[in-house]
Amino acid sequence: MTDSTKPDTSGTETAESDLLNWDFIQDPYLTYREMRTGTGPRRLVIKTLSTGLRSWLVTEYSDVRRLLADPRLSKSAAGAAPIIAKHSTEDVSGASITSDSMLFSDPPQHSRLRRMFSRAFTMRRTLDLRPRIEELTDELLDAIPAGAEIDLVESVAMALPIAVIGELLGVPRAAHHDLRRWNRALTSVDSEPSEKYQAYMASLGYFRTLVSQKAKSHDGADDLINAMIDPDNEERFEESELLSTIFLMMNAGYETTANLISSSVYALLKHPEQLELLRGDATLIPNAVEEFLRYESPLNLSTLRYTTEPVEVGDTVVPAGEVVFLALSSGNRDPERFDEPDRLDIRRNTATHLAFGHGIHHCVGAPLARLEGEIVLARLLDRFPHWEAAEPLERLTWRYTLQFRGLERLPVRLHA
């Protein structure tokens with residue numbers, strides 16, 4: 001972050017900030033500590049993957065949690081385009097958020113979409129996945145030679161979530177590699193716009209065809225797509241809503257869970273006393289997962305919101321028609337909420353962390369992400385109780401889009 005400022009058309013000083021620069025990506029918590037010393041949100045030019053966006057960034061836990069549930073902050077894609085155009089530092093004419101998923105909608109549309117999705121993606125469906133997730137995890141661990149150097153990100157953290165979400169949706173195993181490749185292109189900061197477009201069109205075409213095949217064949221498979229297109233449903237998704245919901249599941253169910261798995265192992269390697277504690281008491285695993293979610297949140301920032309009327313934040317009034325980002329990672333490291341927040345403590349009470357958001361947009365896939373995280377840790381510790389980093393941890397680097405933050409690679413040796 002720099003100290004330079006530029007006057008904004010609203011009269012508010014706007015600091016130049018690059019939340020995609022190398023230093024921030026490697027340690028965002030230093031920047032967030034500096035920001036939390038103020039008494040309100042920061043007005044920044046936040047560089048997204050396509051443009052600079054004059055935005056308000058909220059970093060204090062109490063404000064982040066409150067605003068996540070504030071209906072005056074809209075997520076509706078229908079109204080986002082003019083707001084983005086107004087505050088963009090570059091010409092974005094023709095660009096807009098086009099998703100028809102519940103992530104980019106407000107009530108009553110959001111309520112309808114979430115209700116329909118929740119009838120298909122039930123807690124029972126999630127819990128029933130446990131045996132299959134355990135099998136998939138064991139398959140991945142079977143391929144790891146004890147004591148050999150492996151990249152845990154590639155071998156486990158990314159491989160498991162794509163298999164789980166693929167099977168959950170009813171995608172044949174042969175297509176999982178394509179799903180992973182498309183998702184990587186869509187979420188990577190290094191992808192060219194043409195690559196993103198090609199990946200988007202390829203995945204859109206694939207899922208449109210898959211939905212059509214399932215609708216015609218009535219294959220009877222107990223997967224999520226079949227559950228969502230069941231002709232006996234009282235409420236039905238429009239095609240654009242269904243495809244947007246599938247895309248949401250792919251992004252939210254893959255990238256975030258992969259980051260949770262890799263950052264959990266990384267945190268334990270950095271804190272061997274916590275690894276020893278967990279190794280000696282497997283009952284701590286569920287609480288440990290919550291602490292990992294707080295300590296290294298897979299989602300750094302909330303997705304874009306904009307104010308529909310003035311909103312007070314600290315000693316600042318954010319006018320209507322402004323872009324707002326909520327820093328989940330910052331809230332989860334706020335000392336006003338968590339004692340010694342930069343210390344990893346797998347026995348900590350983290351019940352109110354913000355890794356999955358809060359309010360009506362609280363992540364619907366949170367139980368599945370937790371389940372995968374718990375199973376991987378339990379299986380890893382059971383199969384390979386002794387871990388060591390194959391390279392100095394301080395040399396490892398993090399990858400980042402505007403929302404996601406995860407390790408590029410995690411070389412480890414696992415010993416029985």
Enquirer: Under the side-chain contact (heavy atoms from CB on, under 4.5 Å) rule, collect the residues that match up with Ala288, sequence neighbours excluded.
Expert: Leu278, Phe292, Ile346
Enquirer: Please determine whether side chain to side chain contact (heavy atoms under 4.5 Å, CB included) holds for the pair Leu293 and Thr350, giving the CA-CA distance in whole Å, both sets of side-chain angles, and the decisive distance to 0.1 Å.
Expert: CA-CA 9 Å; Leu293 287 162; Thr350 61; over 6 Å; no
Enquirer: Can you list every ring pair (Phe, Tyr, Trp, His ring centres under 6.0 Å) pair that touches residues 117-151, not counting sequence neighbours?
Expert: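 Qualifying pairs: Phe117-Phe121.
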Enquirer: Run Leu275 and Leu381 through side chain to side chain contact (heavy atoms under 4.5 Å, CB included) and show every step you take.
Expert: CA-CA 9 Å; Leu275 176 56; Leu381 287 167; 3.9 Å; yes
Enquirer: Between Gln26 and Leu396, which heavy-atom pair has the shortest distance, and what is it?
Expert: OE1-O, 4.0 Å
Enquirer: Take a 6.0 Å sphere around CZ of Arg343 and say whether it holds more than 12 heavy atoms from other residues, nucleotides or ligands.
Expert: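 Enclosed: over 12 neighbouring heavy atoms sit under 6.0 Å from CZ of Arg343.
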Enquirer: Under a 4.0 Å N-O cut-off, is there an ion pair linking Arg132 with Glu139?
Expert: yes
Enquirer: With a 4.5 Å heavy-atom cut-off, do Asn183 and Glu255 have their side chains touching?
Expert: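 Contact flag for Asn183/Glu255 side chains = yes.
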Enquirer: Rounded to the nearest 0.5 Å, what's the gap from CD on Glu322 to CG on Leu73? Could you check?
Expert: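 Answer for the CD-CG pair, Glu322 versus Leu73, is 11.0 Å.
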Enquirer: Does a salt bridge link Arg130 with Glu134, judged by any charged N lying under 4.0 Å from a carboxylate O?
Expert: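 Looking at Glu134 together with Arg130, the answer is yes, because their closest N to O distance falls below 4.0 Å.
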Enquirer: So which heavy atom on Asn259 is nearest to which on Ser262, and how close?
Expert: O-OG, 3.3 Å
Enquirer: Verify, without hydrogens or angle tests, whether Ser203 (side chain) and Ala199 (backbone) share a donor-acceptor contact under 3.5 angstrom.
Expert: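 Checking the backbone N and O of Ala199 against the side chain of Ser203, a donor-acceptor pair under 3.5 Å is found.
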Enquirer: Is NZ or CZ of Arg305 both nearer than 6.0 Å to the six-membered ring centre of Phe325 and within 45° of the ring axis?
Expert: no
Enquirer: With a 4.5 Å heavy-atom cut-off, do Ser76 and Tyr306 have their side chains touching?
Expert: yes
Enquirer: Any chance you could lay out the salt bridge (Lys or Arg N to Asp or Glu O under 4.0 Å) test for Arg405 and Glu296, step after step, and finish with the verdict?
Expert: CA-CA 9 Å; Arg405 180 173 180 266; Glu296 291 286 4; 2.7 Å; yes
Enquirer: Between Lys196 (side chain) and Leu186 (backbone), is there a donor-acceptor pair under 3.5 Å?
Expert: yes
Enquirer: Check whether any side-chain N or O of Thr137 sits under 3.5 Å from a backbone N or O of Ile133 as a donor-acceptor pair, and report yes or no.
Expert: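 Looks like yes, one N/O pair under 3.5 Å.
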Enquirer: Does a side-chain heavy-atom distance below 4.5 Å link Leu368 with Leu168?
Expert: yes
Enquirer: Only counting residues at least two apart or in another chain, list the ones meeting side-chain contact (heavy atoms from CB on, under 4.5 Å) with Asp230.
Expert: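 side-chain contact (heavy atoms from CB on, under 4.5 Å) list for Asp230, sorted by chain: Asp232, Asn233.
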Enquirer: Between Asp100 and Ser244, do the side chains contain an N or O donor and an N or O acceptor separated by less than 3.5 Å?
Expert: no
Enquirer: Tell me, which pairs form a ring pair (Phe, Tyr, Trp, His ring centres under 6.0 Å) where one or both residues lie in residues 354-388, sequence neighbours left out?
Expert: His110-His361
Enquirer: Is the shortest heavy-atom distance from the side chain of Leu210 to the side chain of Gln213 under 4.5 Å?
Expert: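 Of all side-chain heavy-atom pairs linking Gln213 with Leu210, at least one is under 4.5 Å.
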Enquirer: Would you say the rings of Trp398 and Phe404 are close, in the sense that their centroids are separated by under 6.0 Å?
Expert: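 Phe404 vs Trp398: aromatic centres not under 6.0 Å.
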Enquirer: Determine whether the side chains of Lys75 and Thr303 contain a donor N or O and an acceptor N or O closer than 3.5 Å.
Expert: yes
Enquirer: Keeping Thr308 on the side-chain end and Arg72 on the backbone end, is there a donor-acceptor pair under 3.5 Å?
Expert: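 Indeed, once roles are kept as given, a pair shorter than 3.5 Å links the two residues.
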Enquirer: Not counting sequence neighbours, list each pair that qualifies as a ring pair (Phe, Tyr, Trp, His ring centres under 6.0 Å) and has a residue in residues 145-188.
Expert: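 Counting only pairs at least two positions apart or across chains, the ring pair (Phe, Tyr, Trp, His ring centres under 6.0 Å) contacts touching residues 145-188 are Trp182-Tyr206.
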Enquirer: Any chance the side chains of Ser297 and Asn332 put a donor and an acceptor closer than 3.5 Å?
Expert: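 Yes - a donor-acceptor pair under 3.5 Å links their side chains.
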Enquirer: Scan side-chain atoms only and decide if Arg36 and Ser330 contain a donor-acceptor pair under the 3.5 Å cut-off.
Expert: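 Side-chain D/A pair, Arg36 to Ser330: present.
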Enquirer: Looking at Arg66 and Asp63, is any side-chain nitrogen of the basic one under 4.0 Å from a carboxylate oxygen of the acidic one?
Expert: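 The answer is yes: the pair qualifies as a salt bridge.
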Enquirer: Salt-bridged, Glu408 to Arg184, with N to O below 4.0 Å?
Expert: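 The answer is yes: the pair qualifies as a salt bridge.
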Enquirer: Is there a donor-acceptor pair closer than 3.5 Å between any side-chain N or O of Thr257 and the backbone N or O of Ala369?
Expert: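 Side chain of Thr257 to backbone of Ala369, a donor-acceptor pair under 3.5 Å: no, none is there.
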Enquirer: Is the shortest distance from a Lys or Arg side-chain nitrogen in Arg347 or Glu291 to a carboxylate oxygen in the other one below 4.0 Å?
Expert: no
Enquirer: Taking the side chain as every heavy atom from C-beta outward, state whether Val311 and Val317 have any atom pair closer than 4.5 Å.
Expert: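 Answer no - side chains too far apart.
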Enquirer: Test salt bridge (Lys or Arg N to Asp or Glu O under 4.0 Å) on Glu394 and Lys270; report intermediate values, then the result.
Expert: CA-CA 9 Å; Glu394 60 271 16; Lys270 280 186 66 177; over 6 Å; no
Enquirer: Under 3.5 Å, is there a donor-acceptor pair between the side chain of Thr307 and the main chain of Pro319?
Expert: yes
Enquirer: Check whether any side-chain N or O of Arg337 sits under 3.5 Å from a backbone N or O of Ser62 as a donor-acceptor pair, and report yes or no.
Expert: no
Enquirer: Does the Asp151 side chain pair with the main chain of Leu410, one donor and one acceptor, at a distance under 3.5 Å?
Expert: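 Here the side-chain-to-backbone pair exists.
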Enquirer: Got a sec: does the CD of Glu312 have more than 12 other heavy atoms crowding it under 6.0 Å?
Expert: no
Enquirer: Is there a side-chain contact between Glu290 and Arg348, using heavy atoms and a 4.5 Å cut-off?
Expert: no
Enquirer: Quick one: are Leu407 and Tyr266 in side-chain contact, heavy atoms under 4.5 Å?
Expert: yes
Enquirer: Going by heavy atoms in the side chains, are Leu380 and Pro385 under 4.5 Å from each other?
Expert: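 Counting from C-beta outward, Leu380 and Pro385 never come under 4.5 Å.
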Enquirer: Between Arg54 (side chain) and Lys86 (backbone), is there a donor-acceptor pair under 3.5 Å?
Expert: yes
Enquirer: Does anything in residues 240-263 pair up under ring pair (Phe, Tyr, Trp, His ring centres under 6.0 Å), and if so which pairs, sequence neighbours excluded?
Expert: Tyr200-Phe247
Enquirer: Are Tyr32 and Phe24 close enough that their ring centres sit under 6.0 Å apart?
Expert: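 Yes: the rings meet the under 6.0 Å criterion.
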Enquirer: Is a side-chain N or O of Arg294 found less than 3.5 angstrom from the main chain of Pro341, in a donor-acceptor match?
Expert: yes
